[in-house]
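The sequence lines fix the lettering, A, B, ..., with proteins before strands; numbering per chain opens at 1.
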There are 2 protein chains.
Amino acid sequence: MGCMTDIRTTSALRLLQAADEFRAGLAGEFSSVHGISVNEFLMLLHLQRSPKQRLARVELAKRMHVSASTVTRMAAPMEKIGLLSRDVDERDARIVFVVLTDTGAERLADALVTFAKRAGYLLDERWQGDDVVQLAEMLRRLAPGAAGTLT
Amino acid sequence: MGCMTDIRTTSALRLLQAADEFRAGLAGEFSSVHGISVNEFLMLLHLQRSPKQRLARVELAKRMHVSASTVTRMAAPMEKIGLLSRDVDERDARIVFVVLTDTGAERLADALVTFAKRAGYLLDERWQGDDVVQLAEMLRRLAPGAAGTLT
DNA sequence: GCTATATGCTTGCATATGCAAGCGAATCGC
DNA sequence: GCGATTCGCTTGCATATGCAAGCATATAGC
């Protein structure tokens with residue numbers, strides 16, 4: 001950009017743009033090949049990377065940056081097709097865990113192959129070893145969420 | 001992450017997470033302080049940074065990674081409140097440009113202040129000069145779109 | 001020129017999502 | 001213990017968005 005835009009603003013704009021573009025490409029392939037949305041994929045991933053492959057709905061909502069009602073409504077159809085199941089907390093009857101099933105884990109594994117392929121397109125041959133490591137480290141610093149970290 | 005996840009996959013996941021988190025924080029402040037959504041802000045920004053402060057709807061849709069119908073529907077209420085106006089192409093009557101008005105430019109300028117503040121939170125005091133420059137450069141390489149570049 | 005195709009835009013319908021209200025369960029203050 | 005508050009979840013409503021169909025205009029083939 002020409003104008004007098006500070007470099008942090010520029011970086012933040014590029015972050016949004018790069019993510020939007022990557023997500024848009026991913027969405028098409030996920031929907032046609034795996035029958036899930038990007039957010040459904042991320043939900044499966046958060047669960048897989050949690051103890052006991054499960055999370056309370058509120059916690060899942062926080063990590064996904066969506067509302068609790070969205071989690072409720074996303075989970076319902078995924079339970080119906082067997083990707084997720086429910087689990088109640090023994091100590092606190094308010095909590096209903098979202099649990100990743102074996103079927104859900106298989107679907108996730110398939111989707112991860114596609115994801116990795118797309119990540120390969122994003123970070124193509126022009127990105128050499130050190131570049132990628134540096135980028136990964138910088139992006140880690142950008143994603144602060146201590147608890148909700150996927151990587 | 002522990003597992004055997006390749007570093008490109010990790011980077012792409014972090015990209016999505018960092019962007020989601022930044023966007024979520026931005027959305028709340030934009031909505032309450034400026035009365036616009038993040039996508040409306042990006043629409044104004046794309047227009048500002050285009051020749052004649054205007055773009056055909058299809059072109060705007062491509063740059064924003066949304067459908068043409070979304071552009072139509074986003075623009076309508078923004079025209080009503082005077083942020084945007086219309087302009088027809090002299091040569092091709094099919095094309096209806098979305099045009100940034102002076103009012104829209106003012107609103108955008110206000111929102112950019114908030115955006116810059118949030119970008120400052122994202123890239124806080126732990127990010128020194130060189131780090132930020134390096135990050136900006138890497139993110140530029142990630143956002144390939146030749147035409148649709150905002151920065 | 002005339003028809004066939006392609007392009008730009010809009011609209012109907014279905015889905016996705018947030019907010020606020022409501023419900024049941026746990027915790028706090030006493 | 002008991003009412004008041006907080007917390008987790010769900011649901012009603014409004015908004016946002018994509019896809020496919022429809023319409024108007026432009027371009028291509030002839």
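Of the possible donor and acceptor atoms, none in the side chain of Arg8(A) sits under 3.5 Å from a partner among the backbone N and O of Ala119(B). Using modelled atom types, no side-chain atom of Arg57(A) and backbone atom of Ala68(A) make a donor-acceptor pair closer than 3.5 Å. Remark: the backbone N or O of His34(A) is paired with a side-chain donor or acceptor of Arg107(A) at under 3.5 angstrom. Remark: the backbone N or O of Arg126(A) is paired with a side-chain donor or acceptor of Arg141(B) at under 3.5 angstrom.
Regarding Leu60(A), its CG atom lies at a distance of 12 Å from the P atom of dT10(D), rounded to whole Å. Between the CG atom of Asn39(B) and the C1' atom of dT17(C) there is a distance of 13 Å, rounded to whole Å. Rounded to whole angstrom, the span from the CZ atom of Arg23(A) across to the C1' atom of dA16(C) amounts to 13 Å. Following rounding to the nearest Å, Ile36(B) (CD1) and dT15(D) (P) show an atom-to-atom distance of 18 Å. If you measure from atom CG of Asp89(A) to atom P of dC7(D), you get 17 Å, rounded to the nearest angstrom. Across the protein-nucleic acid pair, Met43(B) atom CE and dA16(D) atom P stand 12 Å apart, rounded to whole Å. The interatomic distance linking His65(B) (NE2) with dT17(D) (C1') rounds to 16 Å, in whole Å.
Residue Asp92(B) forms a side-chain contact (heavy atoms from CB on, under 4.5 Å) with just one option from Val88(B), Val96(B), Ile95(B), and that option is Ile95(B).
The hydrophobic clustering, which links ILVMFWY residues whose side-chain heavy atoms are closer than 4.5 Å, places Leu26(B) and Leu42(B) together. Residue Val132(A) is grouped with residue Leu15(B) when hydrophobic side chains (ILVMFWY) are merged at heavy-atom distances under 4.5 angstrom, including chains of intermediate members.
Axis deviation across the helix from dG1(C)-dC30(D) to dC30(C)-dG1(D) amounts to 30°, comparing end segments of five pairs, rounded to 10 degrees.
One finds the CG atom of Asn39(B) at 7.0 Å from the CG atom of Asp20(A) (value rounded to the nearest 0.5 Å).
OP1 and OP2 of dT17(C) both lie 4.0 Å or more from every side-chain N or O belonging to Thr70(A).
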| task | Give the C-alpha distance, both sets of side-chain angles, the deciding distance and a yes or no for side-chain contact (heavy atoms from CB on, under 4.5 Å) between Leu45(A) and Leu112(A). | result | CA-CA 9 Å; Leu45(A) 195 59; Leu112(A) 268 170; 4.2 Å; yes
With sugar-phosphate taken as primed atoms, P, OP1 and OP2 and all else as base, the protein-contact string of nucleotides 1-12 of chain C at under 4.0 Å (heavy atoms; B, S, -) is -----BBSSBBB
